[in-house]
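Heads up: the structure comes next, in structure tokens.
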Amino acid sequence: MYHPIEQPEEIPVREREDAMGAYLMMFGALAAGLPLPIINLIASVVYYFINKDKSNFVKFHALQSLYSQLPTTLMNAGLIFWTLQILSVGLVETPFESFATANDIYWGYLYTTLTANIVYVVFSFIGAYKARKGLLYYFIFFGKLAYHQAYKIKIQEKSIMENLPPS
Amino acid sequence: MKLSITYQESYSRGELLLRAFFGYFYLLLPHLFALSIFGIWGGIVQFISWWSILFTGRYPQSFFEFQVGLMKWSLRVNARMLNLCDGYPAFGINGTDEFTSFEIDYPESLSRGTLLLKSFLGMFYVMLPHGFILYFRLLWGMILGFLGFWAILFTGKQPESWHAFNVGTLRWSNRVSLYMGFMTDEYPPFSSKE
């Protein structure tokens, strides 16, 4: 059982803006002045917990934004770790020369990560635009996951009845 | 924007001394710690709002309310640290206060041109002229604050004009913050009056 999906005209501007904000949280790391990949994820987690009870529409977009950040965050973290490892060689040589030691797998990973980031940013902008219009926009895989979590009616797991009528 | 701090007919000498000797530990430190955490979030929110104004011409309302709450909170703390009112400031974005008041209407739309202008040239046409005057106002305010401390200690009262001057400085600086924080398109006046 799922909650009915709201139509654009039913969604107040305030909720649309809150949903849009979820996608713009990808800029969180830049705003915090720390270009570390984990910061934007923290910002999105905080944003989700602040906004999850506002409406199903906001919850869906906040969740989708959060989930879609996970792969790129992990890839970015891996890239930074790998790059720092290569640069540590530069402590004895020059940093530029240390990249000469990087193998093809590193360069392949670097380009894949860059592509993933570009794809993520493009989809986030589309998501932000659609959210502002009051529309649900489903990302591949994450969209379905977010929809299930945001719109599914949760059945009470166990209703404990301590007070009972006389037998 | 309306900012006011109620002028009290009499001030508590006990609270004054408590703030003077232990205010750093029981008032400033905990509030500063909490405000800095919320301030990081405020910075992120402001940065995102910049993009939102650029694309939609609106400051997201919930973000706006958060920023106003943050400003109210810091006003409550500043008012106590400057001995402008008694009492302990409430924690939190939604905290209330009987002595301080800060009101601003939510702008339904904001100019994209003004946003870019203040972002790239705000340092020159806002921060420099206003900062120059505010610097001297703050210096004078510190002197009045010091004198006000002794006035309260001996008489239990603070000259109303001294109080009004420091409130005016806070009002002025908050107007500049609102403008530079993209929360209004109204250029801050070179005045401390309501």
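Just so it is clear: chains get the letters A, B, ... in the order the sequence lines come, proteins before strands, and each one is counted from 1.
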Checklist entry - Where does B/Trp41 contact chain A at under 4.5 Å (heavy atoms): side chain, backbone, both or neither? => result side chain

Item to check | Which atoms of B/Tyr106 approach chain A - backbone, side chain, both or neither, heavy atom under 4.5 Å | outcome: side chain

Look up atom [atom1] in [X] and atom [atom2] in [Y], then write down how far apart they are to the nearest 0.5 Å.
| X | Y | atom1 | atom2 | answer |
| --- | --- | --- | --- | --- |
| A/Ile42 | B/Ile40 | CD1 | CD1 | 10.0 Å |
| A/Met20 | B/Phe55 | CE | CZ | 9.5 Å |
| A/Arg16 | B/Arg58 | CZ | CZ | 10.0 Å |

Item to check | Set of residues satisfying ring pair (Phe, Tyr, Trp, His ring centres under 6.0 Å) with respect to A/Tyr129, sequence neighbours excluded | outcome: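 Expected list: none.
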
Checklist entry - Would you say the side-chain atoms of A/Glu17 pair up with the backbone N or O of B/Ser62, donor to acceptor, closer than 3.5 Å? => result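 Pair absent, no side-chain N/O of A/Glu17 close to backbone of B/Ser62.
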
Item to check | Plane angle bin for A/Tyr47 and B/Phe63 - parallel if under 30°, tilted between 30 and 60°, otherwise perpendicular | outcome: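 If you compare the ring of B/Phe63 with that of A/Tyr47, the planes turn out perpendicular.
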
Checklist entry - Between A/Ala43 and B/Ile44, what is the shortest heavy-atom contact and its length? => result CB-CD1, 4.4 Å

Next on the checklist: Please check if the number of heavy atoms outside B/Ile37 that lie under 6.0 Å from its CD1 is greater than 12.
Outcome noted: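 Yes, the 6.0 Å shell around CD1 holds more than 12 heavy atoms from other groups.
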
Show every donor-acceptor pair shorter than 3.5 Å between a side-chain atom in residues 124-145 of chain B and any protein atom, with sequence neighbours excluded, or say none if there are none.
{"residue": "B/Tyr125", "atom": "OH", "partner": "B/Tyr179", "partner atom": "OH", "Å": "2.8"}
{"residue": "B/His130", "atom": "ND1", "partner": "B/Trp172", "partner atom": "NE1", "Å": "2.8"}
{"residue": "B/His130", "atom": "NE2", "partner": "B/Pro188", "partner atom": "O", "Å": "3.2"}
{"residue": "B/Arg137", "atom": "NE", "partner": "B/Thr169", "partner atom": "OG1", "Å": "3.0"}
{"residue": "B/Arg137", "atom": "NH2", "partner": "B/Phe165", "partner atom": "O", "Å": "3.0"}
{"residue": "B/Arg137", "atom": "NH2", "partner": "B/Thr169", "partner atom": "OG1", "Å": "3.3"}

Checklist entry - Between B/Glu65 and A/Arg14, is any pair of side-chain heavy atoms under 4.5 Å apart? => result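 B/Glu65 vs A/Arg14: side chains touch.
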
